[in-house]
Amino acid sequence: MNDTVDPAYPVTKRNKVVRRYQRGFYDKKTVHEILDAAMVAHIAYVMDGQPFCTPTGFWREGEHLYWHGSSASRMIRFQSPGVPVCVTVTHLDAIVLARSGFHHSVNYRSVMAYGTARLVEGEAEKLRAMDGFVDRFFPGRSALLRPPSAQEIKATSFVVMEIEQASAKIRDTHVGDEEEDYALPIWAARYPVRQVVGEMEECPRQHPDATMPEGMRGYRTGRTLDDVLLEAARQYED
Ligand SMILES: Cc1cc2nc3c(=O)[nH]c(=O)nc-3n(C[C@H](O)[C@H](O)[C@H](O)COP(=O)(O)OP(=O)(O)OC[C@H]3O[C@@H](n4cnc5c(N)ncnc54)[C@H](O)[C@@H]3O)c2cc1C
């Protein structure tokens, strides 16, 4: 996961942020942080002329994004031979209430990543991906689990996409009204929005000898999911 080799993605017409270009970023650090702070992505692809955009769990390993599904999944089967996709991640950070409808907005961090999706082939690579799926969110957890059965391995498929190009876009500002509108007696504000970890609920059928593994300690009540996932991603990289 060496970001120092080439610190930014190549920019072409495909990924160049045109609207509000000053909110656009192409450096790998920014793009990776937005990706790594998310558990869910939307995978866009065109099948028989029809666009689909499928939400799913995903994770990053270096320059590769992975997602998985049932071997019978239409999306997985379609992407297996190698098809162009766009993977999008969005974080909603604030709701911005201005003095006019025109300037109502939201703060956000988002990424659009482009590449060619293909099936992960070969048992060894597939098993590695299976562990990656678990360890990305809960570092070291795969080693603590019952190994997958032959049937489970057969029933699960993984797709990988090398990031060819990507763009990040970030809005991180306060209310931005027309200068004359600040004189109006209209209430304006910004509400930060955070996704936080809730109270843990143990499995009602917990084995009496089962103890919470160290890797789960990051999932503390009230902590933002961003923080938990970024910490997990850093441990995963090491
Ligand atoms: C939560 C959220 C809410 C938004 N709400 C609005 C809204 O209400 N109205 C509105 O006009 N826009 C909104 N945006 C911004 C929107 O995503 C687009 O950037 C914007 O509409 C311009 O689209 P475009 O196709 O003209 O972009 P262009 O600048 O022409 O896009 C060119 C390229 O820039 C990159 N790019 C564009 N947008 C993004 C992005 N968001 N993230 C990463 N890369 C990007 C892509 O690679 C794209 O191919 C919102 C974004 C987010 C994340």
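Quick caveat: nothing in here was measured; it's all calculated off a predicted structure. Indexing begins at 1, ligand by ligand and atom by atom, following the structure's order. We're numbering straight along the sequence, starting at 1.
Arg194 places no side-chain N or O within donor-acceptor distance of the main-chain N or O of Gly222, the cut-off being under 3.5 Å. Panel note: side chain Lys169, backbone Arg19; a donor-acceptor pair is recorded below 3.5 Å. Under a 3.5 Å cut-off, the side chain of His64 and the backbone N or O of Met161 do not form any donor-acceptor pair.
Aromatic rings from Tyr114 and Tyr9 are positioned such that their centres are separated by 6.0 Å or more. Taking the six-membered ring for Trp and the full ring otherwise, Phe158 and Trp67 have centroids separated by 6.0 Å or more.
In this model, a donor atom of one side chain and an acceptor atom of the other lie less than 3.5 Å apart for Gln165 and Arg14. With 3.5 Å as the limit, one finds a donor-acceptor pair spanning the side chains of Thr173 and Arg171. At a cut-off of 3.5 Å, with distance as the only test, a side-chain donor of Ser71 or Ser157 sits close to an acceptor on the other residue.
Counting side-chain heavy-atom gaps under 4.5 Å among Ile, Leu, Val, Met, Phe, Trp and Tyr, Leu230 is found in no cluster with other residues.
Considering only non-hydrogen atoms, atom 34 (O) of ligand 1 lies nearest to Val17 out of Val17, Ile170, Val111. Of the options Asn15, Asn107, Thr12, Val18, the smallest heavy-atom separation from atom 30 (O) of ligand 1 is shown by Val18.
Proximity of atom 49 (O) of ligand 1 to the protein is indicated by at least one non-hydrogen atom lying closer than 4.0 angstrom. In this structure, atom 15 (C) of ligand 1 has protein heavy atoms in its sub-4.0 angstrom surroundings. Counting protein heavy atoms under 4.0 angstrom from atom 38 (N) of ligand 1 gives one or more. Distance remark: protein heavy atom not present below 4.0 angstrom from atom 12 (N) of ligand 1. In this structure, atom 7 (C) of ligand 1 is not in close contact with the protein, since no protein heavy atom lies within 4.0 Å of it. Distance check for atom 21 (O) of ligand 1: every protein heavy atom is found at 4.0 Å or beyond.
Looking at atom 32 (C) of ligand 1, its nearest protein heavy atom turns out to be Lys16 O, 3.0 Å. Here the protein heavy atom with the shortest distance to atom 42 (N) of ligand 1 is Ser110 OG, 2.7 Å. Protein heavy atom closest to atom 45 (C) of ligand 1, with residue, atom name and distance, is Met112 SD, 3.3 Å. The protein heavy atom nearest to atom 5 (N) of ligand 1 is Val106 CG2, 4.5 Å. Here the protein heavy atom with the shortest distance to atom 19 (O) of ligand 1 is Lys169 NZ, 2.7 Å. Arg19 CG, 3.4 Å is the protein heavy atom nearest to atom 26 (O) of ligand 1. Of the protein's non-hydrogen atoms, Thr90 CG2, 3.6 Å is the one closest to atom 1 (C) of ligand 1. Among protein heavy atoms, atom 44 (N) of ligand 1 sits closest to Ser167 OG, 2.8 Å.
Counting heavy atoms closer than 4.0 Å to ligand 1, residue Tyr21 contributes nothing at all. By the criterion of a heavy-atom distance under 4.0 Å, the backbone of Arg14, and not its side chain, is placed next to ligand 1.
Taking hydrophobic clusters as Ile, Leu, Val, Met, Phe, Trp and Tyr residues chained together by side-chain heavy-atom distances below 4.5 Å, Ile76 shares a cluster with Val85.
Near Tyr114, with a cut-off below 4.0 Å to any heavy atom, the atoms of ligand 1 are 46 (C), 47 (O), 48 (C), 49 (O).
The side-chain tip of Arg74 points at the ring of Phe52 from less than 6.0 angstrom away and within 45° of straight on.
Using a 4.0 Å cut-off between a side-chain N of Lys or Arg and a carboxylate O of Asp or Glu, Glu123 and Lys126 do not qualify as a salt bridge.
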